[in-house]
Visitor: 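I have a structure here, written as structure tokens, and I will follow up with some questions on it.
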Amino acid sequence: YLSKTYFIPSLFLLFIYILRYDVRFYESFPFQSRFLILSLCLLFLIWLLNPLIDRIRVRELPKRMPVIVFISILLIGAFLRFKGISIESLHPDEAGFVVKAQGVLDYGYPSIKLVSTSELVSYLQALSFIVLGKTEFALRLQMVLFDVSTIALLYYFGKMIGGTRVGLLSSAVYSLLPSAIGMSNFGRYPSQLAFFGFLTGFLAFIYLRTYKLRYLCLCALSFLLTYFSWQGSALMILPLFFACIVTWKKERILKDIVLFLSIVVPVVATHLSIRFLEQILIPGYFFGPSVSSLTPEYDPFYYIPNFFFIESHQFISILFFAGIPLVSIKYKTYKNLLFLYPIPLLTPFVMSNLLEISDYRYAYYLLPYLVLCACGFFFVFLDYLGCNKEGRSISFINYIFASIML
């Protein structure tokens with residue numbers, strides 16, 4: 001049984017430790033004796049005030065409070081993303097998308113003699129150019145808007161997975177995560193891809209709950225929007241089908257998959273046929289080497305150090321991987337998490353084995369799934385921690401502290 005007096009000094013030490021990741025501070029900055037002494041003084045002060053703290057009784061929160069907190073999270077996330085939208089000059093890859101968007105304005109299609117991918121991005125950027133002119137802000141605006149929309153979707157999906165607390169925590173984590181903020185200011189496909197890829201899973205989950213045909217059709221449409229945001233995302237269909245097989249009603253699986261493919265396959269086949277004709281008819285059209293010519297640098301576990309455990313993802317990924325045994329053993333209890341886990345767990349492995357080139361931005365669209373799984377398991381862990389032998393819960397502040405210390 002842990003005293004609540006440890007909570008504030010521990011948060012202070014944690015905050016100081018996080019500052020070591022700021023380039024303005026040297027790495028040994030948090031390990032100074034003055035910080036330890038200050039935290040001990042805080043501990044002693046709070047211990048003296050503990051009788052007064054024990055008298056404080058928190059009344060039941062207003063029903064509007066979660067909505068107010070969520071709106072605050074959304075506004076903070078939007079501010080952090082708009083804040084840096086025009087600071088950096090164009091990246092070379094972004095300049096390529098300017099050319100493609102200009103091709104949409106001039107000819108009606110992305111005109112560039114390279115493998116034509118992410119067509120949907122170019123059309124939306126061309127629309128942004130028409131409205132706002134050709135600026136860095138206009139090029140990157142849609143990515144910021146899609147990333148802010150992902151925060152909102154995380155909240156609603158989190159509420160369905162584990163209640164309001166999971167929705168608020170997952171949206172807050174994604175809102176403040178440096179890698180997500182940085183990628184939202186990149187005028188290519190990752191943020192748009194993350195939104196549509198996450199929306200696909202969200203609609204599939206709603207269909208799992210309702211079995212209404214319109215949600216299956218919307219899921220197929222969302223998958224196509226994901227595909228036209230970046231064609232490599234088509235590989236998520238394998239883990240998505242696996243999630244369906246292990247969680248959906250067995251008598252509906254085959255019928256649902258056939259219906260899904262009947263919507264998706266004709267569109268994808270038409271697109272691939274057009275690309276094949278472009279390869280034949282357009283001189284100088286460039287196609288990369290096939291997967292059969294894999295280089296010695298091939299690494300099937302590339303995304304473990306380069307996605308799951310990059311800076312600021314470590315704690316999220318530790319929670320994610322720690323949840324695998326629990327979800328596997330108690331799959332009947334945690335069916336919601338069982339549906340989510342295969343997508344961020346299997347898709348990076350599929351991509352590293354079927355795509356010749358691996359890059360962090362290819363896996364970025366799995367970040368909302370990773371955050372939601374980690375936050376879902378986090379509260380499962382707290383629920384287990386919060387029960388003693390008599391089945392009574394210890395105070396909320398105590399198991400928050402224990403989780404931070406762990």
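All values below were derived from every heavy atom in this structure, side-chain atoms included, with hydrogens, water molecules and symmetry-related copies excluded. Everything numeric in this text was worked out from a predicted model, so none of it was measured.
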Visitor: Would you say the side-chain atoms of Ser222 pair up with the backbone N or O of Leu218, donor to acceptor, closer than 3.5 Å?
Guide: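 No: the side chain of Ser222 does not pair with the backbone of Leu218.
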
Visitor: Ignoring hydrogens and geometry, is there a side-chain-to-backbone donor-acceptor pair from Ser39 to Leu13 under 3.5 Å?
Guide: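 Looks like no, no N/O pair under 3.5 Å.
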
Visitor: Apply salt bridge (charged side-chain N to carboxylate O under 4.0 Å, His left out) to Glu94 and list each qualifying residue two or more places apart in sequence or on a separate chain.
Guide: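 Salt bridge (charged side-chain N to carboxylate O under 4.0 Å, His left out) list for Glu94, sorted by chain: Arg140.
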
Visitor: Checking Tyr17 against Phe31 for the side-chain contact (heavy atoms from CB on, under 4.5 Å) test, could you report, in this order, the C-alpha distance in whole Å, the side-chain angles of both residues, the deciding distance, and whether it holds?
Guide: CA-CA 8 Å; Tyr17 180 76; Phe31 304 105; 3.8 Å; yes

Visitor: For His271 and Tyr227, take the angle between the two ring planes, folded into 0 to 90°, and tell me which bin it lands in: parallel under 30, tilted 30 to 60, perpendicular over 60.
Guide: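 His271 and Tyr227: perpendicular rings.
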
Visitor: So, for Ser171 and Ile151, which heavy atoms are closest and what is the spacing to 0.1 Å?
Guide: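 Smallest interatomic distance, heavy atoms only, reads CB-O, 3.5 Å.
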
Visitor: Is any side-chain heavy atom of Leu345 closer than 4.5 Å to one of Phe321?
Guide: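 Counting from C-beta outward, Phe321 and Leu345 do come under 4.5 Å.
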
Visitor: Centres of the Tyr26 and Phe29 rings: under 6.0 Å?
Guide: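 Tyr26 vs Phe29: aromatic centres under 6.0 Å.
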
Visitor: Taking only residues two or more places apart in sequence, or in another chain, which ones meet Ile263 in a side chain to side chain contact (heavy atoms under 4.5 Å, CB included)?
Guide: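 Residues passing side chain to side chain contact (heavy atoms under 4.5 Å, CB included) with Ile263: Cys217, Ala220.
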
Visitor: Run the ring-centre check on Phe198 versus Tyr369 and record whether the distance is less than 6.0 Å.
Guide: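 Yes.
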
Visitor: Working to the nearest 0.5 Å, report the span between OG1 of Thr200 and CG of Leu221.
Guide: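 The OG1 atom of Thr200 sits 9.0 Å away from the CG atom of Leu221.
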
Visitor: Quick check: do Leu224 and Val268 have side-chain heavy atoms less than 4.5 Å from each other?
Guide: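 Of all side-chain heavy-atom pairs linking Val268 with Leu224, at least one is under 4.5 Å.
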
Visitor: Nearest 0.5 Å please: distance from the OG atom of Ser184 over to the CD1 atom of Ile85.
Guide: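 Nearest 0.5 Å value for the OG-CD1 distance: 7.5 Å.
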
Visitor: For the residue pair Tyr362 and Tyr303, establish whether any side-chain heavy-atom pair is separated by less than 4.5 Å.
Guide: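 Side-chain contact under 4.5 Å: yes.
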
Visitor: What residues form a ring pair (Phe, Tyr, Trp, His ring centres under 6.0 Å) with Phe44, not counting sequence neighbours?
Guide: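 If we apply the ring pair (Phe, Tyr, Trp, His ring centres under 6.0 Å) test to Phe44, skipping adjacent residues, the hits are Trp47.
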
Visitor: Determine whether Leu193 and Val121 make a side-chain contact, defined as any pair of heavy atoms from C-beta on separated by less than 4.5 Å.
Guide: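 No, their side chains stay 4.5 Å or more apart.
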
Visitor: Give the minimum heavy-atom separation between Asp147 and Ser191, together with the two atoms involved.
Guide: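 Asp147 and Ser191 have their closest heavy atoms at OD1-OG, 3.7 Å.
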
Visitor: Taking only distance into account, with no hydrogens and no angle test, what donor-acceptor pairs under 3.5 Å do side-chain atoms of residues 232-243 form with protein atoms, sequence neighbours excluded?
Guide:
residue	atom	partner	partner atom	Å
Ser233	OG	Thr226	O	3.0
Ser233	OG	Trp230	O	2.6

Visitor: Would you call Phe205 and Ile161 a side-chain contact if the rule is heavy atoms closer than 4.5 Å?
Guide: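 Heavy-atom side-chain distance check passes, below 4.5 Å.
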
Visitor: List in chain and number order the residues that pass salt bridge (charged side-chain N to carboxylate O under 4.0 Å, His left out) with Arg361, two or more places apart in sequence or in another chain; answer none if no residue qualifies.
Guide: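 For Arg361, the residues satisfying salt bridge (charged side-chain N to carboxylate O under 4.0 Å, His left out) (neighbours in sequence not counted) are Asp359.
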
Visitor: So how far is it from Cys244 SG to Ile253 CD1, rounded to the nearest 0.5 Å?
Guide: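 The SG atom of Cys244 sits 8.0 Å away from the CD1 atom of Ile253.
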
Visitor: Can you list the steps and then say if Cys375 with Val173 is a side-chain contact (heavy atoms from CB on, under 4.5 Å)?
Guide: CA-CA 9 Å; Cys375 292; Val173 168; 4.1 Å; yes

Visitor: Is Leu259 close to Leu213 at the side-chain level, that is, under 4.5 Å between some pair of heavy atoms?
Guide: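 Yes. Closest side-chain heavy atoms under 4.5 Å.
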
Visitor: Is the side chain of Ser317 donor-acceptor paired with the backbone N or O of Gln314 at a distance under 3.5 Å, no angle test?
Guide: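 No; zero donor-acceptor contacts below 3.5 Å.
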
Visitor: For residues 254-264, which residue pairs pass the side chain to side chain donor-acceptor pair (under 3.5 Å) check, not counting sequence neighbours?
Guide: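 Matches after skipping sequence neighbours: Tyr207-Asp256.
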
Visitor: Is any side-chain heavy atom of Asn185 closer than 4.5 Å to a side-chain heavy atom of Glu88?
Guide: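 Contact flag for Asn185/Glu88 side chains = no.
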
Visitor: Please walk me through it: do Phe129 and Val104 pass side-chain contact (heavy atoms from CB on, under 4.5 Å)?
Guide: CA-CA 11 Å; Phe129 285 172; Val104 173; over 6 Å; no

Visitor: Sorted by first residue and then second, give each side chain to side chain donor-acceptor pair (under 3.5 Å) pair with at least one member in residues 152-162; sequence neighbours left out.
Guide: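 Of all non-adjacent pairs touching residues 152-162, none passes side chain to side chain donor-acceptor pair (under 3.5 Å).
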
Visitor: I need the minimum non-hydrogen distance between Pro368 and Thr150, along with the two atoms involved.
Guide: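 Closest approach of Pro368 to Thr150, heavy atoms only: CG-CG2, 3.7 Å.
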
Visitor: About how many Å separate CG of Leu80 and CD1 of Ile181, when rounded to the nearest 0.5 Å?
Guide: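 Between Ile181 CD1 and Leu80 CG, I get 4.5 Å after rounding to 0.5 Å.
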
Visitor: Should Ile316 and Leu177 be marked as a side-chain contact (heavy atoms from CB on, under 4.5 Å) after you check the CA-CA gap, both sets of side-chain angles, and the distance that decides it?
Guide: CA-CA 10 Å; Ile316 298 171; Leu177 200 62; 3.8 Å; yes

Visitor: For Gln32, look at atom CD and say whether over 12 heavy atoms of other residues, nucleotides or ligands are found less than 6.0 Å away.
Guide: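 Yes.
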
Visitor: What pair of heavy atoms forms the shortest contact from Leu372 to Ser170, and how long is it?
Guide: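 Answer, listing the atom of Leu372 first, then Ser170: CD1-OG, 3.9 Å.
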
Visitor: Under the ring pair (Phe, Tyr, Trp, His ring centres under 6.0 Å) test, which residues partner Phe320, sequence neighbours left out?
Guide: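 Here the qualifying residues are Phe308, Tyr341.
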
Visitor: According to the salt bridge (Lys or Arg N to Asp or Glu O under 4.0 Å) rule, which pairs have a member within residues 186-203, sequence neighbours left out?
Guide: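 Residue pairs with at least one partner in residues 186-203: Asp93-Arg188.
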
Visitor: I need the Leu42 CG to Phe12 CZ distance, nearest 0.5 Å.
Guide: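 Separation between the atoms: 6.5 Å.
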
Visitor: Applying ring pair (Phe, Tyr, Trp, His ring centres under 6.0 Å), can you list everything that pairs with Phe377, at least two apart in sequence or on another chain?
Guide: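 Applying ring pair (Phe, Tyr, Trp, His ring centres under 6.0 Å) to Phe377 gives none.
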
Visitor: Kindly say whether Met183 contributes a backbone atom to a donor-acceptor pair with the side chain of Arg81 at under 3.5 angstrom?
Guide: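 No, Arg81 side chain to Met183 backbone: no donor-acceptor pair under 3.5 Å.
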
Visitor: Looking only at heavy atoms, which two atoms of Ser229 and Ser118 are closest? And how far apart?
Guide: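 Looks like O-OG, 2.7 Å.
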
Visitor: To the nearest 0.5 Å, what is the distance between CZ on Phe202 and CG on Leu340?
Guide: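 Spacing of CZ (Phe202) from CG (Leu340) equals 11.5 Å.
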
Visitor: Just so I know, are the side chains of Ile318 and Phe309 near enough to count as touching, which here means a heavy-atom distance under 4.5 Å?
Guide: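 Contact flag for Ile318/Phe309 side chains = yes.
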
Visitor: Is Thr135 reaching over with its side chain to a backbone N or O of Ala138, donor-acceptor style, under 3.5 angstrom?
Guide: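 Side chain of Thr135 to backbone of Ala138, a donor-acceptor pair under 3.5 Å: yes, one is there.
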
Visitor: With Phe146, which residues qualify under ring pair (Phe, Tyr, Trp, His ring centres under 6.0 Å), at least two apart?
Guide: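 With sequence neighbours excluded, Phe146 shows a ring pair (Phe, Tyr, Trp, His ring centres under 6.0 Å) to Phe195, Phe196, given in chain and number order.
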
Visitor: What's the shortest heavy-atom distance between Pro305 and Ile310, and which atoms?
Guide: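 Pro305 and Ile310 have their closest heavy atoms at O-CG2, 3.6 Å.
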
Visitor: Tell me the ring pair (Phe, Tyr, Trp, His ring centres under 6.0 Å) pairs involving residues 73-106, sequence neighbours left out?
Guide: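 Pairs touching residues 73-106 that pass the test: His91-Phe186.
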
Visitor: Any side-chain donor-acceptor pair under 3.5 Å between Lys100 and Gln125?
Guide: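 On atom types as modelled, these side chains do not qualify, holding no pair under 3.5 Å.
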
